[in-house]
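Order of the sequence lines fixes the chain letters, A, B, ..., with proteins taken first and strands second; residue numbering starts at 1 for each chain.
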Protein chains: 2
Amino acid sequence: MPSDAHALALAVARLNRRMRRERRSELTPTQLSVLGAVALLGPATPGAIAAHEQVKPPSVTRILNQLTETGYISRLPDPEDGRQVLVEISAGGHLWLQQERKRRDAWLHEQLQKLHGEERDLLRAAAPVLKRLAEAE
Amino acid sequence: MPSDAHALALAVARLNRRMRRERRSELTPTQLSVLGAVALLGPATPGAIAAHEQVKPPSVTRILNQLTETGYISRLPDPEDGRQVLVEISAGGHLWLQQERKRRDAWLHEQLQKLHGEERDLLRAAAPVLKRLAEAE
DNA sequence: TATTGTTATACTCTATAACTATA
DNA sequence: TATAGTTATAGAGTATAACAATA
């Protein structure tokens, strides 16, 4: 039933827009996401970060420039391949990441608390399926 | 558990990005969404459309201008209040809307087909809850 | 004076194409 | 010649502030 797809597409688009409006952070959602990727992947190349974030390298370059200005990350030359760059999160970046994630998710967390237990369980189960869809093909 | 919120926020943001990349339409997702709102709300003011789409009036004005150029909608003066404008979908706009919705949701529909029946049921149940969250507060 | 819609302006996020340096 | 990253440029989407017309 295509209407299932329609309903889900609509709901995801709307909720995404709603969440963006709730930002209570100095970092934009995208900056936060990239900072998280840098933390997760360890010293990683911009190319690897772009692949993980499912965006093109120029988009990552721009965000890395912003994060470098704040001192949350640093770029190091790759000793083995002069074309590559390794990106690392700083100690301050790590601390910031934790604080900002809490703030970013605060609104959604509040909303989830208002749901019935059943509905919360439903969304908890749905989240990994949605994530898998996002990573498809 | 805030990590529930985090997992869900991440999944929604990623899937939204993924869906946007799959556009196979002449209309952008936002244009399509506004066109759908005009169809749903019938002759409606830009203000009402903005409220329904959860965006500010200037954003709607811009999109209405684009849709007017294509002939999918038309603006009429409100006979009772000269400050207001009524926006209507045209016959061609209606036809286009149906075709474009199918195209827009085609990718997600394919992905849903690949899931197990249980997972599809899960997402079918989750969609209205997600939509409700998006409309909260 | 308040409301509706529009215009002006700016910022975020993303992409493609062109360029630089290295392999 | 191919690859990694960056720079240049453009387009989509959104917001706030200022403005015009009408109530």
So do the side chains of B:Leu67 and B:Ile89 get within less than 4.5 Å of each other, counting heavy atoms only? no
Looking at B:Glu135 and B:Lys131, does any basic side-chain N land under 4.0 Å from a carboxylate oxygen? yes
Distance check needed: D:dG5 P versus A:Ile49 CD1, whole Å only. 9 Å
A:Leu64 CG to D:dT7 P: how many Å, rounded? 11 Å
So, is B:Thr61 near the phosphate of C:dT7, with a side-chain N or O under 4.0 Å from OP1 or OP2? no
Under 4.0 Å between a Lys/Arg side-chain N and an Asp/Glu carboxylate O for B:Arg18 and B:Glu22? yes
Here the pair of heavy atoms bringing B:Arg120 nearest to B:Gln113 is NH1-O, 3.5 Å
Tell me the interatomic distance from A:Asn65, atom CG, to D:dG5, atom C1', rounded to whole angstroms. 11 Å
With sugar-phosphate taken as primed atoms, P, OP1 and OP2 and all else as base, the protein-contact string of nucleotides 10-16 of chain D at under 4.0 Å (heavy atoms; B, S, -) is --SBBBB
Output the rounded distance in Å from CG (B:Leu86) to P (C:dT4). 13 Å
For nucleotides 18-23 of chain C, just jot down a letter per nucleotide in 5' to 3' order: B, S or -, based on protein non-hydrogen atoms under 4.0 Å. ----BS
Lys/Arg-Asp/Glu bridge criterion (N-O < 4.0 Å) met for A:Glu100, A:Arg103: yes
Looking only at heavy atoms, what is the nearest atom pair of B:Gly93 and B:Leu35, with distance? O-CD2, 4.0 Å
Pair A:Arg14 + B:Glu53: basic N to acidic O under 4.0 Å: yes
Are any of the side-chain heavy atoms of A:Asn16 and B:Leu15 separated by less than 4.5 Å? no
